[in-house]
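Step one of this worksheet: look at the structure below.
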Amino acid sequence: NYYAILMAGGIGSRFWPVSTAALPKQFHDILGTGETLIQKTFSRLNKIIPAENIYILTNEEYGDLVMKQLPTVQSEQVILEPAMRNTAPCILYASLKIKKKNPDAMLVVAPSDHWIEQEDSFVNDIKLCFETCENEDVLMTLGIKPTFPNTGYGYIEHKKNASEVVKRVERFCEKPDYKTAKKFIKQGNFLWNAGIFVWNVQSVLNAFEKYQAPMLNQFLTGFDDINTEKEKDFIAKAYPEAENISIDYAIMEPSKNIYVLPASFDWNDLGTWGALYNELPKDDNKNAIVNAKTLLENSKGNIIHTSKNKTVVIGDLKNYIIIDEKDKLLIYPKKKEQEIKNLLKRLNTKF
Ligand code: GDD
Ligand code: MG
């Protein structure tokens, strides 16, 4: 009964200019391990979910890329979205497809761009979540102990001193501003949302019924067509009409039946250059250098990522992101990296 929804339709715009709309970061070997992020995610999920039950959700633009990078996957497992509508419509669509196949399905919903090395711990955590929500109408998420007021994550509040392994969630707050994030960290009873969710298929549909009824009803009008040859036409029309909203805002924030399991593995969402910086080896001045040959004077805490063998000379620069990628160059302060996503909207070409 175990199924996975692997979400691989984002553009990873905070990872520009390596991640672009034409080749988003999940299709890159960002860590230099020989495997792309989506390949790593697939094999991690496959340690607990049968390969044929792993559904990959992506924009129709990336369908061929997915098939190329995951050659053992059948085309029915690659679910194509005709428009970018963020993660709520994507999860709803996949859930309806899976429910039709197996109404008792247990789902893990996973992003395609995370760094998780301790795969055995990951598998154990997911198993424990499956056990917790198999017969309960609850939504489960994995929590990460926060280390700084990152404004790019969801924050999960649980009772102070909650000693249970699986904790009841008091409040879910998606991407708070810096001040709020700082307050949360100080309070101590908050975890970051890892963005990995576990539930039975009926529970997530119940949540959509409660909090996203228009979206659910829109998709239900074509429920008979789903998994038939009429599906494509229905989806081509219905999907672009769905609200552009993430699961975090659409379902997790309003829901009252959430439980969190603090993850037992080290985690990094590789969402930004700064996040990658944390996982890379560094020189004596805490510079992380990928590919470049560097001469650095009085420069500390930078991440420098270029094409192979590029010679880079830098003086008096601290805590910057320097990314040289073909015809694009990014020079930006690390502490303002969350701005990159919005800034790119001002470039009038498709980035
Ligand atoms: N199929 C599909 N379609 N996938 C999508 C879409 C879409 O329209 N939009 C995003 N994704 C995929 C991304 O590729 C990524 O793997 C995952 O969904 C999450 O999207 P992000 O855009 O990376 O979300 P986020 O990082 O801002 O926030 C989420 O993850 C954080 C942890 O990494 C939230 O769940 C936060 O609460 C969480 O802390
Ligand atoms: Mg992310």
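Start at 1 and go down the list; that is how both ligands and their atoms are numbered.
With respect to Glu231 and Lys97, a salt bridge is recorded, a charged nitrogen being found less than 4.0 Å from a carboxylate O. A salt bridge links Lys159 to Glu170: at least one charged side-chain nitrogen sits closer than 4.0 Å to a carboxylate oxygen.
The shortest N or O to N or O distance between Met7 and ligand 1 is under 3.5 Å. In terms of N/O distances under 3.5 Å, ligand 1 is not approached by Thr87. Polar contact check, Asn59 against ligand 1: no nitrogen or oxygen pair lies under 3.5 Å apart. Considering backbone and side-chain N/O atoms, Phe172 never comes within less than 3.5 Å of an N/O atom of ligand 1.
Side-chain atoms of Ile321 and Glu337, non-hydrogen and from C-beta on, do get closer than 4.5 Å to each other. A 4.5 Å side-chain heavy-atom check between Phe265 and Leu142 finds at least one atom pair inside the cut-off.
Residue contacts with ligand 1 leave out Met252, since none of its heavy atoms falls under 4.0 Å from the ligand. Contact analysis leaves Gly271 out of contact with ligand 1, as no non-hydrogen atom separation drops below 4.0 angstrom. Remark: distances from the non-hydrogen atoms of Phe15 to ligand 1 are all 4.0 Å or more. The shortest separation from a heavy atom of Glu253 to ligand 1 is not under 4.0 Å, leaving the residue out of contact.
Taking a cut-off of under 4.0 Å to the non-hydrogen atoms of Arg85, the atoms of ligand 1 that pass are 8 (O). The distance from ligand 1 to the heavy atoms of Tyr153 drops below 4.0 Å at these ligand atoms: 32 (C), 39 (O). Interface atoms of ligand 1 facing Ser112, defined by a heavy-atom separation under 4.0 Å, are 14 (O), 16 (O). Contact atoms of ligand 1 toward Cys90: 1 (N), 2 (C) (distance under 4.0 Å to a heavy atom of the residue). Taking a cut-off of under 4.0 Å to the non-hydrogen atoms of Thr58, the atoms of ligand 1 that pass are 1 (N). In summary, the atoms of ligand 1 found under 4.0 Å from a heavy atom of His114, numbered by their order in the structure, are 33 (O).
Checked by atom type, the side-chain pair Asn1/Asp104 shows no donor-acceptor distance below 3.5 Å. Under 3.5 Å, the side chains of Glu279 and Asn268 contain a donor-acceptor pair of N or O atoms. Remark: the Tyr249 side chain and the Asn86 side chain contain no N/O donor-acceptor pair separated by less than 3.5 Å. Side-chain contact of Thr228 with Asp225: a donor-acceptor pair under 3.5 Å is absent, judged by distance alone. Between the side chains of Ser299 and Asn302, no donor-acceptor pair of N or O atoms lies under 3.5 Å. Lys127 and Asn124 share no donor-acceptor pair across their side chains, judged by distance under 3.5 Å alone. With hydrogens and angles left out, the side-chain atoms of Asn291 and Thr306 include no donor and acceptor closer than 3.5 Å.
Between Asp125 and Pro262, the shortest heavy-atom contact is OD2-O, 4.3 Å.
Nearest protein heavy-atom neighbour of atom 30 (O) of ligand 1: Gly195 CA, 4.5 Å. Nearest protein heavy-atom neighbour of atom 25 (P) of ligand 1: Lys175 NZ, 3.6 Å. For atom 8 (O) of ligand 1, the nearest non-hydrogen atom of the protein is Asn86 N, 3.1 Å. Of the protein's non-hydrogen atoms, Gly9 N, 2.9 Å is the one closest to atom 4 (N) of ligand 1. Looking only at protein heavy atoms, the nearest one to atom 17 (C) of ligand 1 is Pro111 CB, 3.8 Å. Nearest protein heavy-atom neighbour of atom 14 (O) of ligand 1: Gly10 N, 3.0 Å. Annotation: atom 23 (O) of ligand 1 to nearest protein heavy atom, Asp113 OD2, 3.8 Å. Protein heavy atom in closest approach to atom 33 (O) of ligand 1: Asp269 OD2, 3.0 Å.
In the displayed structure, Glu136 atom CD is contacted under 6.0 Å by at most 12 heavy atoms of other residues, nucleotides or ligands.
Geometric assessment of Lys282 against the ring of Tyr277 yields a positive cation-pi assignment under the 6.0 Å and 45° thresholds. A cation-pi arrangement is not found for Lys175 relative to Tyr153, the charged atom failing to lie both closer than 6.0 Å to the ring centre and inside a 45° cone about the ring normal.
Here Ala194 has backbone heavy atoms under 4.0 Å from ligand 1, and that is the only part of it that gets that close. Contacts between Asp248 and ligand 1, counted as non-hydrogen atom pairs separated by less than 4.0 Å, involve the side chain only. By the criterion of a heavy-atom distance under 4.0 Å, the backbone of Ala8, and not its side chain, is placed next to ligand 1.
Aromatic ring centres of Tyr320 and Tyr332: separated by at least 6.0 Å.
Summarising the contacts of atom 7 (C) of ligand 1 with Gln26, Arg14, Met84, Glu81, the nearest heavy atom is found in Glu81.
Checking atom 27 (O) of ligand 1 against the protein gives a heavy-atom contact under 4.0 Å.
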